[in-house]
J.: 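Structure incoming, see below.
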2 protein chains.
Amino acid sequence: MTAPTAYEKHDHHQCIDEALLAARKICKKNGARLTALREQVLSKVWQSHRPLGAYAILELLSDEGQGHPAPPTVYRALDFLQENGLVHRLASLNAYIGCDAPGRAHDSQFLICRHCQITVEVASDSVSSALKTCAERRDFAILHSSVEIVGECPNCQQAQS
Amino acid sequence: MTAPTAYEKHDHHQCIDEALLAARKICKKNGARLTALREQVLSKVWQSHRPLGAYAILELLSDEGQGHPAPPTVYRALDFLQENGLVHRLASLNAYIGCDAPGRAHDSQFLICRHCQITVEVASDSVSSALKTCAERRDFAILHSSVEIVGECPNCQQAQS
DNA sequence: AATAAAATGTTATAATATTGCATTTTATCC
DNA sequence: GGATAAAATGCAATATTATAACATTTTATT
Ligand SMILES: [Zn+2]
Ligand SMILES: [Zn+2]
Ligand SMILES: [Zn+2]
Ligand SMILES: [Zn+2]
C-alpha cells in the first residue's frame with residue numbers, strides 16, 4: 001500500500017477513516033481522551049486535503065446539526081489535536097490540516113498550492129537535517145520548526161498550460 | 001567587518017542606520033518611494049532584533065508624537081516594505097522584522113528565541129537547496145517558502161543553567 | 001497651472017483567537 | 001453505589017490582528 005499523494009484521485013473516505021483509526025490508537029496510547037467532539041473536529045479537518053480555518057470548522061459543525069458551538073469549542077479541540085500530534089497549524093494561512101504521520105515525532109513541513117489549496121505534508125530528512133545543522137552552527141537549541149512552501153501543485157501547473 | 005550576530009552586544013544604532021541606508025538605496029533603484037512614514041515604520045521595526053506586531057509599531061509611532069495613526073497606515077507601510085524586501089513577516093508570531101539582506105533575493109529563514117524573542121535571519125544554502133530538491137521531487141513549483149525555527153538562543157540556554 | 005497617480009487619513013468592520021466563569025461529564029476514591 | 005475531584009464543554013464577552021471603503025492630501029506628469 002502506497003499513501004495517496006493528495007494530488008491524485010483516490011478514495012478519500014479511506015483517508016478520513018485511517019486518520020480516525022490512527023487517532024484513536026494514539027490517544028489510547030497517550031491516555032488522552034478523544035471525545036466525540038474532538039473526533040468530529042478531526043474528521044472535519046480531514047474532509048479534504050486543504051487547510052481549514054477554525055471558523056470554517058465551526059460552520060461545518062453547525063451544518064451538521066451539532067447545535068451552534070462557539071469558537072472556544074473548536075479552538076480547544078484543535079489545541080488538543082495539536083498537542084497529540086493529530087493536526088498541524090499552518091501559520092501562514094491561520095488554518096489547520098490533519099497530520100499525515102501522527103505518532104512519529106516530526107517537524108512541520110508543507111507544500112501548499114496557492115491555486116487549489118491542496119496541501120501535502122512532506123517529511124524530508126534532508127530538510128530536517130539542514131535545519132538541524134543550521135541551528136547547531138549557531139548554538140541554537142531547536143524546540144520546533146515549521147516549513148511552509150507556497151507554490152503550484154503539479155495539477156495546477158498543467159491546467160495553466 | 002563581520003555582521004553583528006544579534007545575540008552579542010553590539011552597537012545597535014549602527015544596525016538601524018545601515019538598514020535605513022540600504023533601504024534608501026534599494027528603493028531608489030526600484031523606483032519606489034521610501035516616504036517619511038515608511039522610514040519611520042522601518043526604523044521602529046529595526047528598534048530591536050525582535051519581531052514587532054503591527055499594533056506595537058502603531059503605539060511606538062503614537063508615542064513619538066506622529067499623531068495617532070490608524071491600523072491601515074501601519075499595514076500599508078509594512079506591505080510596502082515587504083514588497084521591497086525590507087521586512088519579513090513572521091507568520092507564527094503575526095509580527096514583522098527587518099530583513100538582514102535586503103536586495104538579495106532569498107527565502108525567509110529564521111531562528112526565533114521563545115525566551116527573549118531575539119530572532120536572527122539565516123540564509124542557509126543547504127536549507128534552501130533541500131527545500132528546492134524536496135519540491136522538485138514532487139513536481140511542485142515553489143513561489144516562496146518560509147522557515148521558522150523556534151527554540152532557545154545561546155544566551156538564554158546559558159542563563160538556564 | 002491642470003491633471004493624474006500615489007500616498008495618507010479616517011471610520012467602520014471583518015477575521016482570528018482568548019479569557020473567564022458556569023455547567024456538565026467523566027474518572028477516582030472510599 | 002455515592003461523594004469528590006478533575007476534565008471537558010457551553011457560553012458570553014472581549015481581545016487581537018487585519019482589511020474595506022471612501023475622503024483628503026501630497027507628489028509626479030503634462
Ligand atoms: Zn485523501
Ligand atoms: Zn493546485
Ligand atoms: Zn542590532
Ligand atoms: Zn534568547
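Keep in mind the model is a prediction, meaning the values are calculated, not measured. Labels below follow one simple rule: chain letters A, B, ... track the order of the sequence lines, proteins then strands, and each chain is numbered from 1.
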J.: Report the distance from atom CG of B/L58 to atom P of C/dT8, rounded to the nearest whole Å.
T.: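 Atom-to-atom, B/L58 to C/dT8, this comes out as 14 Å.
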
J.: Protein-nucleotides 4-8 of chain D N/O pairs closer than 3.5 Å?
T.:
residue: D/dA8; atom: OP1; partner: A/R38; partner atom: NH1; Å: 3.3

J.: Would a 4.5 Å heavy-atom cut-off, applied to side chains only, mark A/V147 and B/S145 as touching?
T.: no

J.: Nearest whole angstrom, please: distance from the C1' of C/dT8 to the CG of B/L78.
T.: 15 Å

J.: Looking only at side-chain atoms of A/R76, point me to the closest of C/dT16, C/dT11, D/dC11.
T.: D/dC11

J.: Do B/S92 and B/I112 have side chains that approach each other closer than 4.5 Å (heavy atoms only, starting at C-beta)?
T.: yes

J.: State, yes or no, whether a side-chain contact exists between B/L58 and B/P71 at a heavy-atom distance under 4.5 Å.
T.: yes

J.: Nearest-Å distance, CD (B/E39) to P (C/dA7)?
T.: 15 Å

J.: For A/L93 and C/dA15, give me the distance from atom CG to atom C1', rounded to whole Å.
T.: 14 Å

J.: Below 3.5 Å, does any donor atom in the side chain of B/Y55 face an acceptor in the base of D/dA18, or the other way round?
T.: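 Per atom types, the contact qualifies.
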
J.: Let me know the distance between CD of A/E59 and C1' of C/dA14, rounded to the nearest Å.
T.: 14 Å

J.: Name the one of A/H13, A/H12, A/Q14 that satisfies side-chain contact (heavy atoms from CB on, under 4.5 Å) with A/H10?
T.: A/H12

J.: I want to check one thing: is the phosphate of D/dA18, taken as OP1 and OP2, less than 4.0 Å away from some side-chain N or O of B/Y75?
T.: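 Looking at the OP1 and OP2 atoms of D/dA18, one of them is under 4.0 Å from a side-chain N or O of B/Y75.
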
J.: Using side-chain heavy atoms (C-beta onward) and a distance below 4.5 Å, is A/H144 in contact with B/R114?
T.: no

J.: Take atom CD1 of B/I57 and atom P of D/dA18, then tell me their distance rounded to the nearest Å.
T.: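 Those two atoms, CD1 and P, are 10 Å apart.
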
J.: Let me spell it out: for each of A/N94 and A/T73, pick the nucleotide of DNA chain D with the closest heavy atom. Which residue's pick is nearer the 5' end?
T.: A/T73

J.: Looking at C/dT10, C/dA17, C/dG20, which one has an atom nearest to any side-chain atom of B/P72?
T.: C/dT10

J.: Can you tell me how far C1' of D/dA18 sits from CG of B/D79, to the nearest Å?
T.: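 Between C1' of D/dA18 and CG of B/D79: 10 Å.
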
J.: Judged by each residue's nearest nucleotide on DNA chain C, which is more toward the 5′ side, A/A54 or B/P71?
T.: B/P71

J.: Can you tell me how far P of D/dT16 sits from CG of B/L52, to the nearest Å?
T.: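 Distance check: B/L52 CG to D/dT16 P gives 15 Å.
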
J.: My understanding is that only one of B/L86, B/L60, B/L61, B/V87 makes a side-chain contact (heavy atoms from CB on, under 4.5 Å) with B/V41; could you say which?
T.: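 The single option meeting the side-chain contact (heavy atoms from CB on, under 4.5 Å) with B/V41 is B/L61.
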
J.: If hydrophobic clusters are built by linking Ile, Leu, Val, Met, Phe, Trp and Tyr wherever their side-chain heavy atoms come under 4.5 Å apart, do A/I118 and A/I149 end up in the same one?
T.: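 Result: yes, single cluster for both.
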
